[in-house]
Every structure is written in C-alpha cells, then in structure tokens.
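One structure below.
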Amino acid sequence: MSHYVPTAYRTHTLGEIQSKGSELVDSEVTIAGFMEANRGKGAICFVDLRDGTGKTQVFLKQDNIGEEALDLVQRMTRESTLQFTGIVSEKRPPKAKEGVPTPPPAYEVVATSVNLIARAEAPLPLGVTDTVHVALDTRLDNRFLDLRRTHVNAMFRLRGKVLQYGRDKLNSEGFIETHTPKIVATATEGGTDLFPMTYFETPAYLNQSPQLFKQLCMSGGLERIYEIGPAFRAEKHDTYRHLNEFISFDIECSWANDEDVMGILERMIHHIWKSISEDEECLAHIATINQFRATQDEEPIELIVPELPFPRVSYCDAIKIIKEKGGKIEWGDDIDAENSDLLAVDLPQFYFLPQWPMELKPFYIHHIEGEMGSTDRQLSRGFDLNFGRDELTSGGQREHRIDVLIENLKDMDLDPEEFEFYVAGFRHGVPPHAGWGLGVERILMKLTGAANVRETVLFPRDRKRICP
RNA sequence: GCCCGCUUGGUGUAGAGGUUAUCAUGCAGGAUUGUCAUUCCUGCGACCCGAGUUCAAUUCUCGGAGUGGGCGCCA
C-alpha cells in the first residue's frame with residue numbers, strides 16, 4: 001500500500017476516505033476530484049466525486065453549506081473538478097432487501113464548503129461513466145477523458161505494476177538498469193524500415209532496438225543489464241498488435257546461453273503474474289476491468305499464474321505439430337498467424353519456441369555447428385516466447401565469435417564496415433552472452449485482455465496517428 | 001502494400017428510393033427522493049464530402065476522405 005502525503009489541494013485521497021473511513025469519522029477533511037454525477041434539486045444534493053484512487057459521495061445540505069454553494073454544485077457539469085471541505089461520516093446503509101446481507105459500511109463527506117476549480121464544458125466528447133460503447137478512435141482522440149474511465153485508468157496502473165515487478169525480479173538476480181541511445185547513425189539489424197531524421201547536419205535514425213548497444217555493454221563487462229525504453233519501427237503495418245513506437249523490455253546477460261535467459265524470462269513473468277495475484281490493488285484493478293467488461297457482454301479476464309518451467313516446443317516440433325493439424329508450412333518457413341493459431345490450440349498460454357533455423361534469424365544470433373534441423377539445415381540458438389497465437393518476445397544466445405559474426409553480416413547482405421562501431425566490440429575479448437526483448441504492450445494485452453495494443457499505450461503512435 | 005467491411009444527433013446505434021428518421025446514452029427544464037445504476041414528465045440534438053442516375057438520393061452508382069477487421073512483417 002502506498003502512503004499518501006497531503007498536498008496543497010487535499011488532505012486525503014478518496015481511496016483513503018473509504019479504506020480508513022472508520023478512523024476518519026467525525027474529522028474534517030479536504031478532498032478534490034472530478035464530479036461524476038450530482039443528484040438532488042431541492043435543499044439537498046449528492047455528488048459522486050472521483051479521483052485517481054477511488055470514489056466518495058459528498059452530501060450537501062443547504063443548512064450546512066448555504067444556498068449559493070448548493071446552487072453552484074447543483075448546476076455544475078459532469079467531470080468538473082471540485083474541492084470540498086467537510087466531515088467524514090458513515091453513510092446511511094441502503095434499504096436492505098429481504099435476505100440480502102447488509103453491505104460493509106461506506107463513508108461519505110458531509111460538506112461544509114465547496115470550491116469550484118474548473119468547470120467542464122458540456123457535452124463531453126465521450127461519456128466517462130456512460131455504458132454506451134465508444135469507438136477506439138474516438139477514445140484516442142480524447143484520451144485524457146478516456147483515461148478517466150475507471151477501467152482504462154486501472155489498465156495503466158497495472159502497466160506500472162508490471163514494470164515494477166519485472167524490475168524487482170531482475171534487480172534481485174543481479175541486473176542493472178541501463179539506457180542506450182535512441183538516435184543512431186546506422187540500422188540496428190537491417191531489414192526493418194527506420195524513421196530517418198537529421199542530427200544537426202548528419203543523417204540519422206530513430207533506433208529500432210537497443211540490441212547492438214546491449215551487446216557492447218557485455219563487451220564492457222556490465223555482465224547483466226536491462227533496459228525499458230522506446231523502439232521505433234517505420235513499418236506500415238496496421239494490426240491489433242503493432243505500433244510504430246513501442247516500449248521494449250530488453251535484457252542482456254554475460255556467460256549465458258539461450259536456455260539461461262529463457263529461464264530468466266520465465267522466472268520474471270512468473271514473478272510478475274504471481275505478485276499481481278497477491279497484490280490487493282492489482283486485484284481491485286482487475287475487478288474494475290471485469291466490471292466494465294460485464295457491461296460490454298465480454299468474458300471476464302482471469303489471472304492464471306503460469307507454472308514453471310514454461311513449455312518448450314522447438315521449431316522443428318512446431319512445424320511437425322502444424323503439419324499434423326493440417327497447416328500448410330514447410331521447414332524454413334516463418335510461422336505465420338494462421339499457423340500460430342494451430343499451435344495455440346494446445347498451447348493457450350506462455351510457451352517457448354527455441355532453436356529456429358539460422359536462416360530466419362538476424363546476424364547476431366549464435367549457432368552451434370552440427371545442430372541441424374530435420375531438413376539438414378543449420379539451427380540457431382534463437383527463440384521466441386509466445387502467448388497463444390501472439391509473439392511476445394524474441395531472443396537468443398548472441399554470436400560472440402568475431403569471424404562468424406562478420407560472415408553472418410556478409411551472408412545477410414550487410415556491410416561489416418557499416419557496423420564497425422559494433423564489430424569493434426568483439427575484437428578485444430568478449431564474454432559469450434544471451435538476451436531478449438519483450439514487448440511491454442503485448443504482455444499487457446495478455447494481462448488486461450485488451451483486444452488492441454493501442455489500448456495499452458497512453459498515446460499510441462501508429463501509421464495514421466501522431467496526435468495527441 | 002493486398003483483401004473485405006463500415007461512415008446517421010456529443011457518444012454508440014436502427015432503418016428505408018418519398019418516414020414527423022429508431023433506440024440507448026447525453027444535454028436543458030421540471031416533479032420526487034438521505035439518494036444507492038434513483039424514478040417519472042417535457043423538450044433539444046444527426047444522415048462524411050463531391051459527381052452521377054432519378055420526378056425525388058441520407059438510401060442506388062462512381063470517386064475521394066475517414067475508419068474498422070483480416071493478412072504480410074515483427075516485439
């Protein structure tokens with residue numbers, strides 16, 4: 001539980017009024033928030049006030065607060081910000097129906113004064129409390145209002161928790177948090193399109209991945225690092241799971257192979273899921289999301305703490321399974337969405353896909369001579385982590401042998417000269433190392449049941465959206 | 001980039017070649033209420049843009065713009 005220190009505008013949060021209500025009864029508090037609704041046109045009025053921590057009813061009586069103040073509140077628009085000072089008291093319990101147990105006591109504030117902070121214009125571009133469906137585009141155009149919806153707010157609070165618990169686990173295993181540059185001179189991996197920019201007089205790009213810099217840190221003896229930061233891809237994709245700017249949760253680890261970092265990844269995800277399942281605030285957020293889903297006739301989301309270790313289905317086995325299920329695929333093909341659906345039939349949650357063909361993996365992925373696939377072509381030490389049909393992570397052991405690295409670059413039609421800043425890091429001793437990159441938005445989709453990755457980003461950047 | 005769909009009040013929808021254009025939510029006003037998703041009454045508010053077909057287009061055709069879904073690629 002976090003500890004709230006009073007600020008200039010309020011002595012208590014609305015969450016505290018409810019959670020600490022019994023000890024606050026009869027004491028004076030100052031609270032502030034958005035007015036969800038007001039009821040009552042006579043000599044009394046009820047206000048539903050909401051802040052980021054919860055909701056509380058404010059009760060106004062003309063005798064207590066005066067005619068002018070009462071009239072101000074009664075004529076106030078939804079979502080206006082108001083500040084009240086008043087006395088905490090226990091709410092009168094609702095008229096209990098026969099056989100229904102009395103609910104736990106709730107608390108309200110009987111106002112003695114009110115201060116209008118900012119009046120909301122009407123009508124609202126989208127209803128914060130309305131149960132009518134709102135299109136994603138309308139929501140994103142008015143994201144500040146969308147975020148006031150409790151289930152949306154809950155999703156971003158969960159996002160913070162996912163990152164917190166992920167950091168906790170990595171810190172506990174000896175990793176340190178780092179930052180690599182986002183403005184770079186050359187392509188990281190080749191292949192994907194980059195956003196060009198001008199860096200003073202020099203052409204430059206926004207980085208698509210911290211990959212090469214993470215590896216230089218291994219050569220630098222930092223041993224175990226992680227970075228949670230933006231990655232930019234100029235691909236013109238337009239799907240529920242792609243963004244042009246996303247947050248990549250990356251690690252790199254020395255003296256380790258692919259299996260070692262798969263262990264780190266599954267332990268981290270397990271820790272995140274388990275911690276959330278034991279965190280009351282998180283469970284409340286999930287309950288909030290499920291309450292909303294019920295109004296939309298959607299299935300509730302369920303938090304299933306995954307068992308360790310996660311299943312491992314090698315690329316070769318995956319091809320066999322897909323073929324058995326009637327999928328059209330050959331060894332050496334990428335596993336497309338349709339075939340991933342076939343795999344997901346028996347693997348609905350987290351599972352690893354280790355040992356992809358070398359020809360499908362980037363130049364920095366390590367391979368061991370003699371490890372051949374079923375068609376006698378070279379396997380790699382690269383892996384993916386999927387959740388059902390969706391890819392969440394790509395990783396692997398990295399190629400630390402400089403001669404092999406240079407050959408790999410040439411094989412993939414890349415010029416080692418252009419990667420000199422990177423290749424140089426392998427020239428003076430380097431530990432074997434491995435790592436991965438996890439899409440934060442994608443794992444959040446799995447946690448929150450979001451159908452579109454854009455929902456899990458405050459201000460998503462996609463092909464058609466750069467504002468707000 | 002390819003394939004398919006959609007565009008009607010602030011929001012989300014129904015609908016038809018000629019309608020007082022549906023419903024929900026909202027907004028405004030009123031009645032009632034220490035309310036508990038309050039309830040009730042009255043009112044307000046919309047057919048994406050352009051061209052064509054037609055006596056008549058918001059409805060049909062074409063084009064544009066916007067948007068949703070699927071795929072490719074990836075995290």
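Chain A is the first sequence line, chain B the second, and so forth, proteins listed ahead of strands; every chain is numbered from 1.
Between rG15(B) and rG29(B), the two P atoms lie 34 Å apart (nearest whole Å). Rounded to the nearest Å, the gap between the P atom of rC6(B) and that of rG10(B) is 23 Å. Comparing the same atom, C1', in rU19(B) and in rA46(B) gives a spacing of 15 Å after rounding to whole Å. Between the P atoms of rC62(B) and rG70(B), the separation comes to 26 Å (whole Å). Remark: the separation of the C1' atoms in rU35(B) and rC49(B) is 48 Å, to the nearest Å. rU22(B) sits 11 Å from rU8(B) when the C1' atoms are compared, rounded to a whole Å.
Distance, Gln208(A) CD to rC74(B) C1': 10 Å, rounded to whole Å. We find that NZ of Lys328(A) is positioned 16 Å from P of rC71(B), with the value rounded to whole Å. One can place CE of Met76(A) at 19 Å from P of rG26(B), the figure rounded to the nearest angstrom. For His133(A) and rU11(B), the NE2 to C1' distance is 11 Å, given to the nearest whole Å. The distance from atom CG of Asp336(A) to atom P of rC71(B) is 9 Å, rounded to the nearest whole Å. When the C1' atom of rU38(B) is taken as reference, atom CD of Glu36(A) falls 16 Å away, rounded to whole Å. Rounded to whole Å, atom C1' of rG72(B) lies 12 Å from atom CG of Asp238(A). Straight-line distance from the CZ atom of Arg39(A) to the C1' atom of rA37(B): 9 Å, rounded to whole Å.
Distances were taken from every side-chain heavy atom of Ala135(A) (C-beta onward) to each of rG34(B), rG12(B), rG72(B); the shortest belongs to rG12(B). The side chain of Asp130(A) sits closest to rG26(B) out of rC73(B), rG26(B), rU11(B). Nearest to the side chain of Arg241(A), among rU35(B), rC73(B), rC71(B), sits rC73(B). Here the side chain of Arg78(A) is nearest to one of rG70(B), rC27(B), rG12(B), namely rC27(B). Looking at the side chain of Arg389(A), the nearest of the listed nucleotides rC71(B), rC27(B), rG26(B) is rC71(B). For Ile44(A), whose side chain is taken as the heavy atoms from C-beta onward, the closest listed nucleotide among rG34(B), rU11(B), rC73(B) is rG34(B). When distances run from any side-chain atom of Tyr240(A) to the nucleotides rG70(B), rA75(B), rG1(B), the shortest one goes to rG70(B). Side chain of Gln57(A), nearest nucleotide from rU35(B), rU11(B), rC73(B): rU35(B). The listed nucleotides are rA75(B), rU11(B), rC27(B); the one nearest the side chain of Leu243(A) is rA75(B). Out of rG72(B), rA75(B), rU11(B), the shortest distance to the side chain of Thr239(A) is found at rG72(B).
His433(A) and Gln215(A) are linked by a side-chain donor-acceptor pair at a separation below 3.5 angstrom, with hydrogens and angles left out of the test. At a cut-off of 3.5 Å, with distance as the only test, no side-chain donor of Tyr315(A) or Asp384(A) sits close to an acceptor on the other residue. At a cut-off of 3.5 Å, with distance as the only test, no side-chain donor of His285(A) or Thr288(A) sits close to an acceptor on the other residue.
Applying the ring-ring contact (aromatic ring centres under 6.0 Å, His included) test to Phe352(A) and every residue at least two apart in sequence or in another chain returns Phe310(A), Phe383(A). With sequence neighbours excluded, no residue satisfies ring-ring contact (aromatic ring centres under 6.0 Å, His included) with His179(A).
Between Arg312(A) and Asp317(A) no salt bridge is recorded (no basic side-chain N to carboxylate O distance below 4.0 Å). With salt bridges taken as basic N to acidic carboxylate O contacts below 4.0 Å, one links Arg398(A) and Glu252(A). Arg159(A) has a carboxylate O that lies under 4.0 Å from a charged side-chain N of Glu441(A), or vice versa, which qualifies the two as a salt bridge. In summary, Glu79(A) and Arg50(A) engage in a salt bridge, as defined by a charged side-chain N under 4.0 Å from a carboxylate O.
No engagement by Glu441(A) is indicated, since no non-hydrogen atom pair under 4.0 Å with the nucleic acid exists. Using a 4.0 Å heavy-atom distance criterion, Asp141(A) is classed as making no nucleic acid contact. Within 4.0 Å of Leu126(A), counting heavy atoms only, lies no atom of the nucleic acid at all. Among the heavy atoms of the strands, none lies under 4.0 Å from Gly127(A). Within 4.0 Å (heavy atoms only), His242(A) reaches at least one base atom of the nucleic acid. If you check every strand for non-hydrogen atoms under 4.0 Å, Ser248(A) touches nothing. Asp390(A) comes within contact range of no nucleotide atom at all, as no heavy-atom separation falls under 4.0 Å.
Residue Arg463(A) is the one, among Ala37(A) and Arg463(A), whose nearest nucleotide of RNA chain B lies closer to the 5' end (criterion: closest heavy atom).
The distance from the CZ atom of Arg39(A) to the CD1 atom of Ile44(A) is 10.0 Å, given to the nearest 0.5 Å.
Once the 5.5 Å centre distance and the 30° plane angle are applied, the aromatic ring of Phe59(A) is found not to be stacked with the base of rG34(B).
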Watson-Crick or G-U pairs under 3.5 Å in RNA chain B, rendered as dot-bracket with [ ] for crossing pairs and | for another strand: (((((((..(((.....[....)))((((((.......))))))...(((((..]....))))))))))))....
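For the pair Asn452(A) and rG69(B), the criterion of a side-chain N or O lying under 4.0 Å from OP1 or OP2 is met. At rA75(B), one or more side-chain N or O atoms of Ser394(A) fall inside 4.0 Å of OP1 or OP2 (strictly under the cut-off).
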